[in-house]
Amino acid sequence: MTPSFASKYGPWAIVAGASEGLGAAFAAALAARGVHLLLLARRPEVLQSVAERLRASSGIEVRTEACDLARPDLPAALEALTAGLDIGLGVYNAAFAPVGEFAARPLDDLIRVVDVNVRGPLVFARTLAPVLIARGSGGIVLMSSLAGLQGATRIAAYAASKSFNTILGEGLWRELRPHGVDVVVACAGGIRTPAYAAAASREAMGTLDADVIAEATLAALGRGPVVVPGAVNKLARFVLSRMLSRRAAIATFARSTKELL
Ligand SMILES: NC(=O)c1ccc[n+]([C@@H]2O[C@H](COP(=O)([O-])OP(=O)(O)OC[C@H]3O[C@@H](n4cnc5c(N)ncnc54)[C@H](OP(=O)(O)O)[C@@H]3O)[C@@H](O)[C@H]2O)c1
C-alpha cells in the first residue's frame with residue numbers, strides 16, 4: 001500500500017518563507033494533508049494570521065517564528081527551532097530578487113541575494129539532511145526558476161542563485177534517494193504572488209496561481225529531480241535549455257526581464 005503523504009513527509013514540515021504568496025500556498029497544501037507546520041518569515045503578524053487560518057481550517061498544529069533567513073547565525077537558529085520536532089519535510093521558498101542593472105545595484109543587495117537564495121537553502125538542506133537520513137524517510141523542496149536556466153539581464157544575481165538551487169537539488173536528489181529522502185526542485189515560470197505583482201509590469205505567458213505550483217511541486221516529491229509546473233513553462237524550458245544556443249537563450253530571456261520594474 002502507498003504510504004499517506006503525512007506518514008512519509010510528516011508529522012511536521014518546516015516552510016521557510018511562509019507568510020504570503022507561494023510560501024503560504026505550500027503551508028496550506030501541507031495543512032490540507034494533515035502535516036503540522038513550523039512557519040518562518042520575517043513579519044510575525046502576517047505569519048500569525050496565516051497560522052490562525054490554517055489551524056481553523058485544518059485543525060493541525062502550527063508554530064511560527066519570525067526569522068530573517070539571511071541572519072549570520074542561521075545554522076544555529078535552524079538547529080534550535082527544529083530541535084524536538086519530528087520533521088519529515090522542509091520547503092525552502094523564500095527568495096530575494098532585486099531588479100535592475102547589476103553595476104548600479106548596491107553591493108549589499110547583491111550579497112543579500114546570495115545570503116537568502118544560496119546560503120539559506122544550503123544551510124537549510126544541510127540541517128535537515130542528516131535528520132531525514134536518520135529517520136529513513138522525508139523530503140526537501142527547493143525553489144528554482146526558469147530564470148536560472150541561463151544568464152538573465154537585470155536579475156543576474158537572482159538568476160545565478162536559482163541555478164544554484166537547481167544544481168544543488170539535483171545532486172541531493174540522487175544522493176539522498178537511497179536513504180528514503182526525496183528531493184525536488186520546482187523550476188517555476190511566473191507565479192501570481194504579491195512579490196511578482198510588484199515586480200512585473202504584466203504577467204508572463206504561462207503564469208500560474210501559487211496553489212497550482214505548490215500542488216504540482218508536492219505531487220512531484222518521490223519523482224523529481226526537477227518539476228516544471230505548467231505546459232507553457234515546460235515548453236519554455238525545453239526551448240531555452242535544449243533548442244537555443246546559450247547566446248540565443250540569454251537574448252530571449254532578456255526580452256522578458258527588460259519589462260521588470
Ligand atoms: N513569483 C514568481 O513569479 C516566481 C517565479 C519563479 C520562481 N519563483 C520562486 O518562488 C519562490 C517564492 O516566490 P515569491 O518571491 O513570489 O515569494 P512568495 O512566496 O510569494 O513570498 C516570499 C516569502 O518569503 C519570505 N521571505 C522573503 N525573504 C525572507 C527572508 N530574508 N527571511 C525570511 N523570510 C523571507 C516572505 O515573508 P516576509 O516578507 O514576511 O519575510 C514571504 O513569506 C522564490 O523562491 C522565487 O525565487 C517565483
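Just so you know, ligand 1 is whichever comes first in the structure, and atom 1 is the first atom listed for that ligand. Note that the structure is predicted; figures quoted are calculated from it, not measured. All heavy atoms count here, side chains included; hydrogens, waters and symmetry mates do not.
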Practice problem: Measure the acute angle between the ring planes of His36 and Trp12, then classify it against the limits of 30° and 60° as parallel, tilted or perpendicular. | Solution: tilted
Quiz item: Can you check whether Gly23 has an N/O within less than 3.5 Å of an N/O in ligand 1?
Solution: yes
Exercise. Can you sort out which atoms of ligand 1 are near Ala18, meaning under 4.0 Å from one of its heavy atoms?
Key: 43 (O)
Quiz item: By number and element, which atoms of ligand 1 are closer than 4.0 Å to a non-hydrogen atom of Tyr196?
Solution: 1 (N), 3 (O)
Quiz prompt | Per-atom contacts of ligand 1 with Gly190, taking only distances under 4.0 Å to non-hydrogen atoms | solution = 3 (O)
Practice problem: Measure from the side-chain N and O atoms of Lys162 to the backbone N and O of Met143, and report whether any donor-acceptor pair falls under 3.5 Å. | Solution: yes
Quiz item: Which pair of heavy atoms, one from Met205 and one from Asn233, lies closest together, and at what distance?
Solution: O-OD1, 4.2 Å
Quiz item: Can Ser144 be said to touch ligand 1, with heavy atoms closer than 4.0 Å?
Solution: yes
Quiz prompt | Atoms in ligand 1 with a heavy atom of Asp68 nearer than 4.0 Å | solution = 30 (C), 31 (N), 32 (N)
Quiz prompt | Ile191 and Val212: CA distance, side-chain angles, deciding distance, side-chain contact (heavy atoms from CB on, under 4.5 Å) verdict | solution = CA-CA 9 Å; Ile191 311 169; Val212 175; over 6 Å; no
Self-check item: Nearest protein heavy atom with distance in Å, relative to atom 36 (C) of ligand 1
Solution: Ser19 OG, 3.8 Å
Quiz item: What protein heavy atom is closest to atom 34 (N) of ligand 1, reported as residue, atom name and distance in Å?
Solution: Ala41 CA, 3.5 Å
Self-check item: Ile191, any N or O under 3.5 Å of ligand 1 N or O
Solution: yes
Self-check item: Heavy-atom gap Gly189 to ligand 1 smaller than 4.0 Å
Solution: yes
Practice problem: Mark whether atom 20 (O) of ligand 1 lies under 4.0 angstrom from at least one protein heavy atom. | Solution: yes
Self-check item: Leu69 N/O under 3.5 Å from ligand 1 N/O
Solution: yes
Quiz prompt | Cys67: numbered ligand 1 atoms lying under 4.0 Å from its heavy atoms | solution = 32 (N), 33 (C)
Quiz item: Arg237: what forms a side chain to side chain donor-acceptor pair (under 3.5 Å) with it, not counting sequence neighbours?
Solution: none
Quiz item: When you measure from atom 26 (N) of ligand 1 to every protein heavy atom, which one gives the shortest distance, and what is it?
Solution: Ala94 CB, 3.7 Å
Quiz item: Has ligand 1 got any nitrogen or oxygen that is less than 3.5 angstrom from a nitrogen or oxygen of Ala188?
Solution: no
Quiz item: Counting only heavy atoms not in Arg246, do more than 12 sit closer than 6.0 Å to its CZ atom?
Solution: no
Quiz item: Asp68 and salt bridge (Lys or Arg N to Asp or Glu O under 4.0 Å): which partner among Arg43, Arg42, Arg112?
Solution: Arg112
Practice problem: Give a yes or no on whether Arg126 atom CZ has more than 12 heavy-atom contacts from other residues, nucleotides or ligands under 6.0 Å away. | Solution: no
Exercise. Assess Val46 for proximity to ligand 1: is some non-hydrogen atom of it under 4.0 Å away?
Key: no
Quiz prompt | Close approach of Arg112 to ligand 1, heavy atoms, under 4.0 angstrom | solution = yes
Quiz item: Where the side chain of Thr257 meets the backbone of Thr153, is there a donor-acceptor pair that is under 3.5 Å apart?
Solution: yes
Exercise. Could you please spell out the steps behind the side chain to side chain donor-acceptor pair (under 3.5 Å) verdict for Asn117 and Ser161?
Key: CA-CA 6 Å; Asn117 306 4; Ser161 77; 3.1 Å; yes
Exercise. Please say whether Tyr158 places an N or O atom under 3.5 Å from an N or O atom belonging to ligand 1.
Key: yes
Quiz item: Shortest non-hydrogen contact from Arg135 to Lys8?
Solution: NH1-O, 3.9 Å
Quiz item: Among protein heavy atoms, which sits nearest to atom 44 (C) of ligand 1, and what does the distance come to when rounded to 0.1 Å?
Solution: Asn93 O, 3.0 Å
Quiz prompt | Closest to atom 14 (P) of ligand 1 among Leu39, Thr207, Thr193, Asn233 (heavy-atom distance) | solution = Thr193
Exercise. Please report the shortest heavy-atom distance between Asp182 and Leu221, naming the atom on each side.
Key: O-CD2, 3.6 Å
Quiz item: Purely on distance, is any nitrogen or oxygen of Ser145 under 3.5 Å from one on ligand 1?
Solution: no
Self-check item: Nearest neighbour in protein (non-hydrogen) for atom 15 (O) of ligand 1
Solution: Ala195 CB, 3.6 Å
Exercise. Just need the protein heavy atom nearest to atom 29 (C) of ligand 1, so name the residue and atom and give the distance.
Key: Arg42 NE, 3.5 Å
Quiz prompt | Residue Arg43 vicinity, atoms of ligand 1 by number, heavy atom under 4.0 Å | solution = 37 (O), 38 (P), 39 (O), 40 (O)
Self-check item: Those atoms of ligand 1 less than 4.0 Å from some heavy atom in Gly21
Solution: 20 (O)
Self-check item: Steps toward salt bridge (Lys or Arg N to Asp or Glu O under 4.0 Å) verdict (Glu65, Arg63)
Solution: CA-CA 7 Å; Glu65 184 71 28; Arg63 297 188 188 182; over 6 Å; no
Self-check item: Closest heavy-atom pair and its distance - Leu37, Val15
Solution: CD2-CG2, 4.4 Å
Quiz item: Hey, does Phe26 have a side-chain heavy atom less than 4.5 Å from the side chain of Val141?
Solution: yes
Quiz item: Hey, which atoms in ligand 1 end up nearer than 4.0 Å to a heavy atom of Gly17?
Solution: 23 (C), 24 (O), 25 (C), 43 (O)
